[in-house]
Amino acid sequence: MSECKLSVDYDQYESGVKIVDLIEALAGKDETLQLESLIIGDWGGAYENDSSEIVEALVRLKDRFPQLRSLFIGDMSYEECEVSWINQSNIGPILAAYPELRSLTIKGSTDLSLAPAQHDKLEELTIICGGLGKDVLTSISEGSFKNLKKLELYLGVEEYGFDGSLEDVLPLIEPGKFPLLTYLGLKDSEIQDEIAIAVANSPIVDQLHTLDLSMGTLTDSGAEALITSEKIMKLKQLDLSYHYMSDEMMNRWKQSGLNVDVSDQQDSDEDEDYRYPSLTE
């Protein structure tokens, strides 16, 4: 068994099925000793029940998952639960309990925390949400992920949990913070222009293969800083998909010679109050 997904649908939840029971049943199987990837979907009423019992169960049963390398907590569609309604918890104990983990994906940011934010072997960290709290950003930037190669953060909007500013994002791109990082995603942001301008000439770009600033409110203002940066032009890939750039700027990108994704152009209304990131609620 290389991968397994556990979830509790609405009818199961109403009849009393609990996700912890499914985790315990899985842990009782011999083939689980070879499980490499575990996906936790809807745990039943994720809009009212947080993920703390899942974390507790996985920590308690860690010896039954010795080969686990990839974990996704919260893989559910919007029909099952809107991303902004998913109640998370402190996922930090998972990092401590699974020292061989390579990839961690979390969906939903309500009451999310990462303490301690430390792992020697984690290579990929992804947080998908409609608004990421600055306390989580601080935990990551002040934590220790010396082997991290991919960092993908959906920053979102204030209404759904983003309570920070550019100053809370900047520590993530400090030189030497993630020495092996090759993919940086600071995406789905309502301050995408500010982030683009800050990243455009940052030393971290020199080590990147891919920069992902997609799904946000990027306009020509932020794009100008990117397209005039020699560092950006050396990237293997730049993802700016879902944006508010003008036709003229898109043409400049297409003629730039860079492998850049400028698909999914939004109506670039002059009023920034009508510009929204792709994923919010």
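Quick note: numbers below take in every heavy atom, side chains included, and nothing from hydrogens, waters or symmetry partners.
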Item to check | Whether over 12 other heavy atoms sit under 6.0 Å from Glu230 CD | outcome: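 Incorrect, the count does not exceed 12.
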
Checklist entry - Within a radius of less than 6.0 Å around OH of Tyr47, do more than 12 heavy atoms belonging to other residues, nucleotides or ligands occur? => result yes

Would a hydrophobic clustering, with Ile, Leu, Val, Met, Phe, Trp and Tyr connected at side-chain separations under 4.5 Å, put [X] with [Y]?
X: Ile204; Y: Leu238; value: yes
X: Leu186; Y: Tyr160; value: no
X: Leu68; Y: Val59; value: yes
X: Leu184; Y: Leu170; value: yes
X: Ile191; Y: Leu155; value: yes

Under 3.5 Å donor-acceptor, [X] side chain and [Y] backbone:
X: Glu48; Y: Gly45; answer: no
X: Ser37; Y: Ser2; answer: no
X: Ser202; Y: Val199; answer: no
X: His119; Y: Ala96; answer: no
X: Glu142; Y: Ser139; answer: no
X: Gln88; Y: Ile73; answer: yes
X: Asp239; Y: Ser214; answer: no

With a 4.5 Å cut-off on side-chain heavy atoms, are [Y] and [X] touching?
X: Ser51; Y: Ile91; result: yes
X: Leu151; Y: Phe178; result: yes
X: Tyr242; Y: Ser278; result: yes
X: Leu58; Y: Tyr98; result: yes
X: Phe72; Y: Ile40; result: no
X: Leu35; Y: Gln67; result: no
X: Glu53; Y: Trp43; result: no
X: Leu258; Y: Ile232; result: yes

[X] with [Y]: basic N within carboxylate O range, under 4.0 Å:
X: Arg64; Y: Glu24; value: no
X: Glu3; Y: Lys5; value: no
X: Arg60; Y: Glu56; value: yes
X: Asp206; Y: Lys231; value: yes

Pairs under 3.5 angstrom only: tabulate donor-acceptor contacts from the side chains of residues 121-135 to other protein residues two or more places apart or in another chain.
| from | atom 1 | to | atom 2 | distance (Å) |
| --- | --- | --- | --- | --- |
| Lys121 | NZ | Glu100 | OE1 | 3.1 |
| Lys121 | NZ | Glu100 | OE2 | 2.9 |
| Glu124 | OE1 | Ser103 | OG | 3.4 |

Item to check | Leu235 vs Val205, side chain to side chain contact (heavy atoms under 4.5 Å, CB included): CA-CA, chis, key distance, verdict | outcome: CA-CA 8 Å; Leu235 287 167; Val205 178; 4.0 Å; yes

Looking only at side chains, do [X] and [Y] share a donor and an acceptor under 3.5 Å apart?
X: Gln192; Y: Thr217; answer: no
X: Asp220; Y: Ser246; answer: yes
X: Thr219; Y: Asp193; answer: yes
X: Glu82; Y: Ser84; answer: no
X: Asn49; Y: Tyr13; answer: yes
X: Asp212; Y: Gln237; answer: no

Checklist entry - Should Lys107 and Val83 be marked as a side chain to side chain contact (heavy atoms under 4.5 Å, CB included) after you check the CA-CA gap, both sets of side-chain angles, and the distance that decides it? => result CA-CA 7 Å; Lys107 188 171 184 179; Val83 66; 3.9 Å; yes

Kindly compute the distance separating [atom1] ([X]) from [atom2] ([Y]), expressed to the nearest 0.5 Å.
X: Thr110; Y: Ile86; atom1: OG1; atom2: CD1; result: 8.5 Å
X: Ile94; Y: Leu71; atom1: CD1; atom2: CG; result: 6.0 Å
X: Leu33; Y: Asp63; atom1: CG; atom2: CG; result: 10.0 Å
X: Met249; Y: Asn251; atom1: CE; atom2: CG; result: 10.5 Å
X: Leu226; Y: Leu218; atom1: CG; atom2: CG; result: 6.5 Å
X: Glu36; Y: Cys4; atom1: CD; atom2: SG; result: 13.0 Å

Checklist entry - Do Thr182 and Gln207 pass the side chain to side chain contact (heavy atoms under 4.5 Å, CB included) test, and can you show the C-alpha distance, the side-chain angles, and the key distance before you say yes or no? => result CA-CA 6 Å; Thr182 57; Gln207 71 185 64; over 6 Å; no

Minimum heavy-atom separation for [X] and [Y], please, with both atom names.
X: Met215; Y: Leu279; result: CE-CB, 4.0 Å
X: Leu112; Y: Val136; result: O-CG2, 3.4 Å
X: Leu172; Y: Leu137; result: CD1-CD2, 3.9 Å
X: Gln118; Y: Phe145; result: N-CZ, 3.8 Å
X: Ala57; Y: Val20; result: CB-CG1, 4.2 Å
X: Ile173; Y: Ala198; result: CD1-O, 4.2 Å

Checklist entry - Who pairs with Lys18 by salt bridge (charged side-chain N to carboxylate O under 4.0 Å, His left out), at least two apart in sequence or on another chain? => result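 If we apply the salt bridge (charged side-chain N to carboxylate O under 4.0 Å, His left out) test to Lys18, skipping adjacent residues, there are no hits.
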
Checklist outcome for this item: Sorted by chain and residue number, the side-chain hydrogen bond (donor to acceptor under 3.5 Å, both in side chains) partners of Asp42 (sequence neighbours excluded) come out as none

Next on the checklist: Between Glu158 and Asp163, is the side chain to side chain contact (heavy atoms under 4.5 Å, CB included) condition met? List the steps.
Outcome noted: CA-CA 6 Å; Glu158 182 178 359; Asp163 57 354; 5.8 Å; no

